[in-house]
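Data block below; observations after.
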Amino acid sequence: MPANPDDLLVLLTVARLGRFTAAADVLGVNHTTISRRIALLEKAIGGRVLVQTPGGWELTDLGRDLLGPAEAIERAVAEVGERTTGRGQLQGAVRVASPDGYAIHWLVPAVTRLQRDHPRLDLELITATQRAREARSGVDLEVVVGRPAVRRSAAEHLRDYRLQLYATRTYLDRAGTPTALADLGEHTLVYYIESALQVDDLDEASRRLPAPRSSLRSTSVFAHVAAVLADGGIGLLPDFLAEDEPTLLRVLPDYSYATGYWAVVRRESRRNPAVRAVLAALLAPTLVE
C-alpha cells in the first residue's frame with residue numbers, strides 16, 4: 001500500500017528532533033501516535049526507516065531516501081497556507097537549547113527580529129549549559145560553550161567571550177583584595193556546579209584557580225552575577241555580563257580565560273528553512289559587533 005503523506009511528515013519531524021516525545025510535542029499528538037505512524041510507514045514501504053541509538057533516533061538509508069519526498073509534502077502544505085497569509089512566510093516551531101547568558105543577550109533579540117517578518121514562526125527555547133554530544137536529540141539547534149567535536153552535525157562559530165574574575169568594592173573591603181591567584185584560597189568563589197556542568201572549557205577555567213575557602217555555585221550564570229552583586233564573593237563571570245554592571249570590579253586583571261559560543265545543528269534539521277533562518281539570524285554581523 002502507498003505511504004501516507006502524514007506519516008512522512010511524522011518521519012521528517014522525528015528525523016529533525018531525534019526523539020518521539022519531542023516530535024509528539026511539536027505535532028500536538030502523544031508518543032504512542034508517533035510510534036504507530038512510524039510503524040505504519042515502515043509497513044507501507046517494507047523496511048526500517050529509523051534506528052535507535054544512544055543519542056536518539058537516526059534515519060536508516062531507507063529513511064534518508066524518504067527525506068526528499070517528505071520535505072516536498074511539507075513545502076506543498078506551506079504553500080497552501082501562504083495563499084492566505086502571504087508568500088515567503090516561514091512557519092512551524094524551531095526548538096533551540098542555549099546557555100542562558102547567550103540566550104538573553106543575543107538569541108532572543110535575534111529571533112524576535114526574525115518573527116517580525118515571519119509571524120507564523122514559533123521558537124521553543126530551552127536554557128541549558130551542557131556539553132555538546134554527537135547525537136544531541138530533542139532540539140533543532142543547540143548553542144554550546146567551546147568548539148564541539150561532532151561528526152554527524154554541523155558546527156558554526158557564533159562569538160567569543162572571556163571568563164574573568166569580578167567582585168564588588170564592598171566585598172573586597174570586607175574580605176580583602178587578592179593580589180595573586182593563590183590568595184583566592186581565602187575567598188568565596190561564585191561559579192557553576194561542576195558535577196552538573198561537565199563542559200570542558202568551563203571546567204578548565206575553574207581548574208586553573210586554587211581551591212576556594214568556600215563557594216556559592218549555581219547552574220545559572222545570572223545567579224552568579226546576582227550573588228556577586230550581593231557582595232557574596234568573587235565571581236568567575238563572562239565579560240559581556242559583568243561589563244553591564246558598573247559596581248563590579250575586575251579582580252586579578254591578568255587572569256582571563258577565552259572561550260566562545262558555537263551552534264550545533266543536526267544535518268536533518270539544517271534542511272528545514274525555518275532552522276536555517278534562525279541560524280542565519282544568529283550569525284548576522286549585527287550580533288557580533
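Keep in mind the model is a prediction, meaning the values are calculated, not measured. For the numbers below, each heavy atom of this structure counts, side chains included, while hydrogens, waters and symmetry mates do not.
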Side chain to side chain contact (heavy atoms under 4.5 Å, CB included) partners for [X], two or more places apart:
| X | result |
| --- | --- |
| A258 | R162 |
| P273 | L90, R276 |
| I104 | F222 |
| A15 | L59, L67, E268 |

Worksheet, complete the sentence: Between the CG atom in L41 and the CG atom in L66, the distance rounded to the nearest 0.5 Å is 6.0 Å
Discussion item. Rounded to the nearest 0.5 Å, what separates atom OG1 in T13 from atom CG in L8?
Written reply: 11.0 Å
Would you please name every residue forming a salt bridge (charged side-chain N to carboxylate O under 4.0 Å, His left out) with [X], sequence neighbours left out?
| X | result |
| --- | --- |
| R95 | D25, E124 |
| R250 | none |
| D61 | R64 |
| E186 | none |

Practice prompt. Would you mind reporting whether L282 and W106 have side-chain heavy atoms less than 4.5 Å apart?
Written response: no
Discussion item. Which residues pass the ring pair (Phe, Tyr, Trp, His ring centres under 6.0 Å) test with Y192, not counting sequence neighbours?
Written reply: H224
Worksheet entry | Set of residues satisfying ring pair (Phe, Tyr, Trp, His ring centres under 6.0 Å) with respect to Y161, sequence neighbours excluded | F240, Y261
Discussion item. Can you pull out every side chain to side chain donor-acceptor pair (under 3.5 Å) where at least one residue sits in residues 32-41? Sequence neighbours excluded, please.
Written reply: D7-R37, N30-T32, N30-T33
Discussion item. V278 and side chain to side chain contact (heavy atoms under 4.5 Å, CB included): which single residue from D140, L283, L107, V111 fits?
Written reply: V111
Worksheet item: Which residue pairs satisfy the ring pair (Phe, Tyr, Trp, His ring centres under 6.0 Å) criterion with at least one member in residues 16-38, sequence neighbours excluded?
Response: F20-H31, F20-W57
